[in-house]
Amino acid sequence: MNSVRMEAISTERQNDFSKGKVSRNILNLALPMTLAQLINVLYSVVDRMYIGHIPEAATLALTGLGLTFPIISIITAFANLFGMGGAPLCSIARGKGDDERAETIMGNSFFMMVATGLVLTALFLAFKGPLLRLFGASGQTFPYADGYLTVYLCGSVFVMVGLGMNSFINSQGFGKMGMMTVLLGAVTNILLDPLFIFVLHMGVQGAALATVISQFLSAAWVFRFLTGKKAIYRLQKKAMKPNWKLVGEIVSLGMSSFCFAITNSLVQIVCNINLQQFGGDLYVGIMTVANSVREVVSMPINGLTNGAQPVIGYNYGAREYRRVRSGIRFMSVVCVVYTLAAWLVLMLFPQPFIHLFSSDPDLVGKGAQALGVYFFGYFMMAFQMAGQSTFVALGRSKQAVFFSLLRKAIIVVPLTILLPRIGGLGVIGVFLAEPVSNFVGGSACYLTMLATVWKPLRKAEEAEAVPAGRAGE
């Protein structure tokens, strides 16, 4: 037996999730994914950490940055649309041995990312002023939001290519190379931010420039790899000619990731508008901090649920229903225990988390109260995450998309508009919408999963156990 075949058998055995402890299999995948989550979190929050400590204008600058999030989320949504839509199709074509189709999918995805990136840059540069005011920018915060966004938009194409095309590196099996894409950008951003913001006194524009340079390097890294000799499928000019039927397939598959990002943008817009109306710039800044803290705190739970999905899905395909239920149980318990611990820490010590992003005494004081409301009952988020991850693992994307939309678009958005106007709640009503959505959405998602997945799995397990028992009689 040749060495290539032996290596293939060894890899197949290592990835056989029907063997060994389910919890160990999940953790083996979850730990590197959590590391990847850490890198992503550093990439997204490092600007806020530095901007929140700009002398004399920290709170206004941080608030201005928060006002740009909806537009940045929309750019991310389109990167996900073509990246998360094209990469799985490329993997399927690769599995079938259809190399020409795989390269055409990758080429078409690249073309759509560049074209869409250019269009979004032009549109947002043309309408950024009215949009920022619509999103809640005041006369004091507008210059900071406009300054950051103007520079950031000049790198939109780099964001699209670096984020979207990295999926094609991972889909070809080069996970470490894909992680290096994110690591390169994150480290560059962390190093350049203090240089541009504090040493060169460029303020928010310096933070945006650091991000653009970082995204450019990530995009260049991705482009070089996908046109180099190591890639299985390479970017070729002939594959970039638009095949609109194929583009339709890419868009269809990427729509769920697109919807997730778009609903995030919608929630951010509604929150900022209502906070500006009821609390002013300070509370828009507090919401920016609250969202940043949530990103940091949610990192381990995201890594765990992402690591559990392949293990649960593999065992489901192998009809190992007992192991599927074991995986769901382990994921759920760890998620609940972790979020309970995180909730306790945030309730007792909110100030250190806020200090990461701001030293303004007013923001820290009022922010501590807001975080207490925002993270109330945070453990219910565990049920939302565990339920949705189970649906994704078993290929039930419609349920996963529905419960994401239920929590964000159907529950959070209306509550964010209504609660501030009930009983004089004001800004507290805006922050209260999040825990209410966690309780309602988390309960609905997990109970539905128990009814439609857990019970059928148990019945299937019992049905398969009966013939096995009779066979041994």
**Student:** Does some side-chain heavy atom of Glu434 sit less than 4.5 Å from a side-chain heavy atom of Leu415?
**Tutor:**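 Contact flag for Leu415/Glu434 side chains = no.
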**Student:** Keeping the roles fixed (side chain from Asn272, backbone from Gly136), state whether a donor-acceptor pair exists under 3.5 Å.
**Tutor:**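 No, Asn272 side chain to Gly136 backbone: no donor-acceptor pair under 3.5 Å.
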**Student:** So, Ser156 side chain and Leu153 main chain: donor-acceptor pair closer than 3.5 Å or not?
**Tutor:**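 Yes, because the side chain of Ser156 sits within donor-acceptor range (under 3.5 Å) of the backbone of Leu153.
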**Student:** Report the C-alpha distance between Ile286 and Phe431 in whole Å, list the side-chain angles of each, state the deciding distance to 0.1 Å, and finish with yes or no for side chain to side chain contact (heavy atoms under 4.5 Å, CB included).
**Tutor:** CA-CA 10 Å; Ile286 290 172; Phe431 290 97; 3.7 Å; yes
**Student:** Does the structure place the NZ or CZ of Arg294 under 6.0 Å from the centre of the six-membered ring of Phe375, at an angle of no more than 45° from the ring's axis?
**Tutor:**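 No, Arg294 does not sit over the ring of Phe375.
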**Student:** Taking all atoms of both residues into account, what is the closest heavy-atom pair of Gly162 and Thr181, and its distance?
**Tutor:**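 So the two residues come closest at O-CG2, 4.1 Å.
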**Student:** Do you know the tightest heavy-atom contact between Thr263 and Lys408?
**Tutor:**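 For Thr263 and Lys408, the tightest heavy-atom pair comes out as OG1-CD, 3.5 Å.
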**Student:** Should we say atom CD of Gln369 is surrounded by more than 12 heavy atoms from elsewhere, each under 6.0 Å from it?
**Tutor:**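 Incorrect, the count does not exceed 12.
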**Student:** Please check if any side-chain donor atom of Ser298 sits under 3.5 Å from a side-chain acceptor atom of Tyr378, or the reverse.
**Tutor:**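 Side chains of Ser298 and Tyr378: pair found under 3.5 Å.
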**Student:** Could you go through the side chain to side chain contact (heavy atoms under 4.5 Å, CB included) check for Val345 and Phe353 one step at a time?
**Tutor:** CA-CA 10 Å; Val345 171; Phe353 289 92; 3.8 Å; yes
**Student:** Rounded to the nearest 0.5 Å, how far does CG of Leu131 lie from CG of Leu149?
**Tutor:**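 So the gap between those two atoms works out to 9.0 Å.
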**Student:** Heavy atoms, side chains only, cut-off 4.5 Å: are Pro194 and Tyr50 in contact?
**Tutor:**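 Touching, per the 4.5 Å side-chain cut-off.
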**Student:** Do the non-hydrogen side-chain atoms of Ile197 and Met202 ever get within less than 4.5 Å of each other?
**Tutor:**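 A side-chain contact under 4.5 Å is absent here.
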**Student:** Under a 3.5 Å distance rule, please check whether Ser389 uses its side chain to pair with a backbone N or O of Ala386 as donor and acceptor.
**Tutor:**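 No, because the side chain of Ser389 does not come within donor-acceptor range (under 3.5 Å) of the backbone of Ala386.
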**Student:** Please work out which of the three classes, parallel, tilted or perpendicular, describes the rings of Phe379 and Trp343, given edges at 30° and 60°.
**Tutor:**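 The arrangement is tilted - the two ring planes meet at 30° to 60°.
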**Student:** Would the distance check show the side chain of Asn274 and the main-chain N or O of Val270 forming a donor-acceptor pair, the cut-off being under 3.5 Å?
**Tutor:**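 It does hold such a pair.
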**Student:** Within the 4.5 Å heavy-atom criterion, are Lys366 and Val427 side-chain neighbours or not?
**Tutor:**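 A side-chain contact is absent here, since even the closest heavy-atom pair is not under 4.5 Å.
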**Student:** Does the Gln215 side chain pair with the main chain of Val161, one donor and one acceptor, at a distance under 3.5 Å?
**Tutor:**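 Here the side-chain-to-backbone pair does not exist.
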**Student:** Do Thr211 and Asp47 have side-chain N/O donor and acceptor atoms under 3.5 Å apart?
**Tutor:**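 Yes, Asp47 and Thr211 have a side-chain donor paired with an acceptor closer than 3.5 Å.
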**Student:** Phe223: which residues meet the side-chain contact (heavy atoms from CB on, under 4.5 Å) condition with it, sequence neighbours left out?
**Tutor:**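 Per chain and number, Phe223 pairs via side-chain contact (heavy atoms from CB on, under 4.5 Å) with Phe110, Thr227, Leu235.
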**Student:** Drop me the distance from Phe357's CZ to Thr288's OG1, to the nearest 0.5 angstrom.
**Tutor:**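 Going from CZ on Phe357 over to OG1 on Thr288, the span is 10.0 Å.
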**Student:** For Arg329, look at atom CZ and say whether over 12 heavy atoms of other residues, nucleotides or ligands are found less than 6.0 Å away.
**Tutor:**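 Atom CZ in Arg329 is crowded, with more than 12 foreign heavy atoms closer than 6.0 Å.
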**Student:** Apply side-chain contact (heavy atoms from CB on, under 4.5 Å) to Thr116 and list each qualifying residue two or more places apart in sequence or on a separate chain.
**Tutor:**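 For Thr116 the side-chain contact (heavy atoms from CB on, under 4.5 Å) partners, ignoring immediate neighbours, are Phe78, Phe82, Met112, Leu120, Met160.
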**Student:** Kindly indicate, with the supporting measurements, whether the criterion side chain to side chain contact (heavy atoms under 4.5 Å, CB included) is fulfilled by Phe402 and Thr448.
**Tutor:** CA-CA 12 Å; Phe402 170 77; Thr448 301; over 6 Å; no
**Student:** Taking atom CZ as the centre, does Phe376 end up with more than 12 heavy-atom neighbours from other residues, nucleotides or ligands that are less than 6.0 angstrom away?
**Tutor:**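 Check fails, neighbour count at 12 or below.
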**Student:** For the residue pair Asn264 and Ser73, confirm or rule out a side-chain donor-acceptor distance under 3.5 Å.
**Tutor:**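 The criterion, which ignores hydrogens and geometry beyond distance, is not satisfied for Ser73 and Asn264.
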**Student:** Are side-chain heavy atoms of Leu163 and Asn80 found at a separation under 4.5 Å?
**Tutor:**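 When only atoms from C-beta onward are counted, Asn80 and Leu163 do touch, with a gap below 4.5 Å.
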**Student:** Please give me the minimum heavy-atom distance between Ala210 and Asp193, naming the atom from each residue.
**Tutor:**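 Nearest pair, atom of Ala210 first, then Asp193: CB-OD1, 3.4 Å.
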**Student:** Counting distance only, does the side-chain N/O of Thr141 pair as donor-acceptor with the main-chain N or O of Ala137 below 3.5 Å?
**Tutor:**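 Flag not set: sc Thr141 to bb Ala137 has no pair under 3.5 Å.
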**Student:** So, do Leu304 and Tyr338 sit near enough that their side-chain heavy atoms are less than 4.5 Å apart?
**Tutor:**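 When only atoms from C-beta onward are counted, Tyr338 and Leu304 do not touch, as no gap falls below 4.5 Å.
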**Student:** Restricting to non-hydrogen atoms, name the atom on Cys335 and the atom on Ile301 that form the minimum distance, rounded to 0.1 Å.
**Tutor:**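 Minimum heavy-atom separation between Cys335 and Ile301: SG-CG1, 3.5 Å.
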**Student:** Is the shortest heavy-atom distance from the side chain of Phe124 to the side chain of Ile75 under 4.5 Å?
**Tutor:**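 Yes. Closest side-chain heavy atoms under 4.5 Å.
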**Student:** Any chance you could measure Ser359, atom OG, to Ile354, atom CD1, to the nearest 0.5 Å?
**Tutor:**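 Going from the OG atom of Ser359 to the CD1 atom of Ile354 covers 11.5 Å.
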**Student:** Scan Ile417, Leu418, Leu419 and name whichever one has a side chain to side chain contact (heavy atoms under 4.5 Å, CB included) with Arg421.
**Tutor:**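 Exactly one candidate clears the test, Ile417.
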**Student:** What is the distance from atom SG of Cys445 to atom CZ of Phe383, rounded to the nearest 0.5 Å?
**Tutor:**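 Answer for the SG-CZ pair, Cys445 versus Phe383, is 11.0 Å.
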**Student:** Rounded to the nearest 0.5 Å, what's the gap from OG on Ser292 to CZ on Phe69? Could you check?
**Tutor:**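 Ser292 atom OG to Phe69 atom CZ measures 5.5 Å (nearest 0.5 Å).
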**Student:** Can you give me the closest heavy-atom contact between Ile250 and Ser109, atom names plus distance?
**Tutor:**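 Ile250 and Ser109 have their closest heavy atoms at CD1-OG, 3.5 Å.
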**Student:** Calculate, to the nearest 0.5 Å, the distance between atoms OG and CG belonging to Ser214 and Leu184 respectively.
**Tutor:**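 It comes to 8.0 Å.
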**Student:** Will you find, in the side chains of Thr63 and Asp281, an N or O donor that is under 3.5 Å from an N or O acceptor?
**Tutor:**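 No - no donor-acceptor pair under 3.5 Å links their side chains.
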**Student:** Counting distance only, does the side-chain N/O of Thr339 pair as donor-acceptor with the main-chain N or O of Val336 below 3.5 Å?
**Tutor:**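 Flag set: sc Thr339 to bb Val336 pair under 3.5 Å.
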**Student:** What are the two closest non-hydrogen atoms of Asn189 and Ala207, and how far apart are they?
**Tutor:**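 Shortest heavy-atom separation between Asn189 and Ala207 comes out as OD1-O, 4.5 Å.
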**Student:** Spell out, as yes or no, whether a donor-acceptor pair under 3.5 Å connects the side chain of Asn108 to the backbone of Thr104.
**Tutor:**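 Here the side-chain-to-backbone pair exists.
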**Student:** Keeping to residues at least two apart or across chains, list the salt bridge (charged side-chain N to carboxylate O under 4.0 Å, His left out) pairs with something in residues 243-266.
**Tutor:**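 Pairs touching residues 243-266 that pass the test: Arg101-Glu249.
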**Student:** Are the side chains of Phe391 and Val453 in touch, meaning some heavy atoms are under 4.5 Å apart?
**Tutor:**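 When only atoms from C-beta onward are counted, Val453 and Phe391 do touch, with a gap below 4.5 Å.
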**Student:** If you apply the rule side chain to side chain contact (heavy atoms under 4.5 Å, CB included), what do you find for Leu67 with Tyr148, and how did you get there?
**Tutor:** CA-CA 10 Å; Leu67 293 166; Tyr148 184 89; over 6 Å; no
